[in-house]
A.B. asks: 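One structure, as C-alpha cells, below. Some questions next.
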Amino acid sequence: MENQTTSYTLVLSGLSDLPSLQLPLFLVFLLVYLMTLTGNLLIVLLICTDSHLQTPMYFFLGTLACLDMGFTSVTIPRMLFDFHTQKRLISIQACITQIYFILLFAASELSLLAVMSYDRYVAICRPLHYTQIMHWKTCVLLVLGLLIFSMLYPLVHVLLLLKLTFCRLNPLQSFFCDLPQLLLVSCSDTFINVFLSLFLAILFGGGIFALTFCPYIIILNTIMKMQSKAMRSKAFSTCSSHLAAVFIFYGTLFFSYFHPNAKTNSAVDKVVSVFYTILTPLVNPLIYSLRNKIMKISLKRAVCMIQY
C-alpha cells in the first residue's frame, strides 16, 4: 500500500476542552516540568561532584535522573504548546517521532530498573564480591547495552507505522501520541502492528519484569536470614527507594494499558498517563533523596558550600 502518512494531520483530545482551564493547566504543568528538571538535574550534579556518591548504585540513579528528564521532555513541552495555541494539531511525522522517543525512554527506564535490581542483589546477597562484579566498566557496559536496546526496539514500531495510512478524523484520546491510540485512527489493516506490539510487550516486557522482581525474592530471603536487626533495617532501606520507584512506574503503566475498559474510559486513561509520563519523573528525585541518608547529607553539604 502506498505510504500516504505525510498528507494528514491528527488531533489530540488533550486533558480538557474547556477554554477557561487552558491557562491554569498551562501554569500547573509548566511548574511541574520546571520542578522535574530541577530535581533530577540536582541529583545528577550531586552525583557528579560528591565523591561519596560516585558508586555503581548512584551511577545508575544518575542515569535514571537523566532518563526522567528526557521522558518528561517528550510530553510536557508539546502539552504546553497545545495549551497555549488551543489547537492540539500534530502532523503524522511528529506523532510517530514522539511515539519513538516515548517508547525509547520507557524501555530505557524499565531496563534500568532491572539493572538496579541486579545491583541491589549483588550488594546484599554477595557483598564481598560487589566491587569485583559491579566494576565501573561493567556498569558502563550495562547502561550502554540497555540504551542500544531501547533505541532499536521502537524502530520496529516506527517502520510499521510508516506503512499505514490515516484517514479518520477521530481525535486521539490522549494528550500525547500513544501507540494504541494512533492505531485506532488508522484506516489500514493494523493486525501486524497490534500482534507485534503484544508479542514484543510479552517477550521483552515480561523478561524485563522478571529480571526486575526475581532478584528481590532472593534479596528478601537473604535479609530475613540476617541475625542483626540493624543489618536488616539497613538492607531494607537500600531497597525501599528502588522498590517504590518500580511499583509506581509499573503500577501506572499496567493500569493504563491493561485495566478493564481501557479503550472506553478515556478520562481515567488520561489521568493514569499523567502519572507514568509526568508525575513519576517528578517524584523519583523525592523518593531517592528523602529516603536516602547519604543523598540528604550530600545535599546539606552542597547547600553549606554554596552559603559559605
Side-chain angles (χ1 to χ4, degrees), residues 28-29 31-50 52-76 105-124 134 139 142-143 146 208-209 211-213 215-216 219-220 223 232-256 271-303:
V28 168
F29 284 100
L31 179 61
V32 168
Y33 184 51
L34 294 176
M35 290 173 62
T36 301
L37 293 181
T38 302
N40 284 287
L41 186 60
L42 181 60
I43 284 182
V44 173
L45 291 176
L46 287 175
I47 292 171
C48 291
T49 57
D50 194 330
H52 299 89
L53 300 179
Q54 292 174 6
T55 63
M57 183 180 80
Y58 293 103
F59 170 70
F60 295 135
L61 178 57
T63 305
L64 179 64
C66 292
L67 293 177
D68 279 337
M69 287 189 285
F71 201 171
T72 194
S73 295
V74 175
T75 54
I76 293 188
F105 285 111
S108 297
E109 288 216 17
L110 291 174
S111 302
L112 183 62
L113 290 173
V115 170
M116 294 171 76
S117 291
Y118 177 70
D119 174 70
R120 292 300 84 209
Y121 159 75
V122 177
I124 293 173
M134 300 305 295
C139 297
L142 284 171
V143 171
L146 70 88
I208 294 172
F209 180 84
L211 290 174
T212 303
F213 285 94
Y216 274 101
I219 289 172
L220 292 174
I223 291 175
R232 288 199 300 270
S233 177
K234 183 179 179 181
F236 271 122
S237 66
T238 61
C239 299
S240 59
S241 298
H242 177 249
L243 275 174
V246 167
F247 279 118
I248 290 174
F249 194 76
Y250 269 99
T252 53
L253 196 63
F254 278 133
F255 187 83
S256 179
V271 173
V272 177
S273 296
V274 168
F275 271 92
Y276 83 83
T277 60
I278 297 175
L279 294 186
T280 298
L282 172 65
V283 300
N284 274 347
L286 298 176
I287 292 172
Y288 282 102
S289 59
L290 294 178
R291 298 184 62 86
N292 190 303
K293 292 181 180 179
I294 299 177
M295 186 70 74
K296 287 191 286 187
I297 292 171
S298 177
L299 181 59
K300 290 179 182 178
R301 190 184 298 116
V303 172

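Each residue takes its place number in the sequence, starting with 1.
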A.B. asks: Partners of L34 by side chain to side chain contact (heavy atoms under 4.5 Å, CB included), sequence neighbours excluded?
C.D. replies: L30
A.B. asks: Under the salt bridge (Lys or Arg N to Asp or Glu O under 4.0 Å) test, which residues partner R232, sequence neighbours left out?
C.D. replies: none
A.B. asks: Decide if the gap between the ring center of Y288 and the ring center of Y58 is smaller than 6.0 angstrom.
C.D. replies: no
A.B. asks: I297: what forms a side chain to side chain contact (heavy atoms under 4.5 Å, CB included) with it, not counting sequence neighbours?
C.D. replies: R301
A.B. asks: Before you tell me yes or no, could you show the steps for F60 and V143 under side chain to side chain contact (heavy atoms under 4.5 Å, CB included), namely the whole-Å CA-CA distance, both residues' side-chain angles and the distance that decides it to 0.1 Å?
C.D. replies: CA-CA 8 Å; F60 295 135; V143 171; 3.9 Å; yes
A.B. asks: List the residues meeting side chain to side chain donor-acceptor pair (under 3.5 Å) with S111, not counting sequence neighbours, and say none if there are none.
C.D. replies: none
A.B. asks: Would you mind writing out the side-chain donor-acceptor pairs for residues 113-121 within the sub-3.5 Å range, not counting sequence neighbours?
C.D. replies:
from, atom 1, to, atom 2, distance (Å)
S117, OG, L113, O, 3.1
S117, OG, T212, O, 2.8
D119, OD1, Y130, OH, 2.5

A.B. asks: Who passes side chain to side chain donor-acceptor pair (under 3.5 Å) against S233, sequence neighbours left out?
C.D. replies: none
A.B. asks: Under the ring-ring contact (aromatic ring centres under 6.0 Å, His included) test, which residues partner F59, sequence neighbours left out?
C.D. replies: W136
A.B. asks: Which pairs would a plain distance check flag for residues 278-286, meaning a side-chain donor or acceptor within less than 3.5 Å of a matching protein atom at least two apart in sequence or in another chain?
C.D. replies:
from, atom 1, to, atom 2, distance (Å)
T280, OG1, F275, O, 2.8
N284, ND2, D68, OD2, 3.0

A.B. asks: Just how far is it from atom CD1 of I219 to atom CG of L243, taken to the nearest 0.5 Å?
C.D. replies: 8.0 Å
A.B. asks: Which heavy-atom pair separates A65 from V44 by the least distance, and what is that distance?
C.D. replies: CB-CG2, 3.8 Å
A.B. asks: Return the set of residues passing side chain to side chain donor-acceptor pair (under 3.5 Å) with Y250 (not counting sequence neighbours), or none when no residue passes.
C.D. replies: none
A.B. asks: Should Y276 and E109 be marked as a side chain to side chain contact (heavy atoms under 4.5 Å, CB included) after you check the CA-CA gap, both sets of side-chain angles, and the distance that decides it?
C.D. replies: CA-CA 11 Å; Y276 83 83; E109 288 216 17; over 6 Å; no
A.B. asks: Calculate, to the nearest 0.5 Å, the distance between atoms CG and OG1 belonging to L45 and T49 respectively.
C.D. replies: 6.5 Å
A.B. asks: Output all residues satisfying side chain to side chain donor-acceptor pair (under 3.5 Å) with S298, sequence neighbours left out; order by chain, then residue number.
C.D. replies: D50
A.B. asks: Can you list the steps and then say if L61 with L53 is a side chain to side chain contact (heavy atoms under 4.5 Å, CB included)?
C.D. replies: CA-CA 10 Å; L61 178 57; L53 300 179; over 6 Å; no
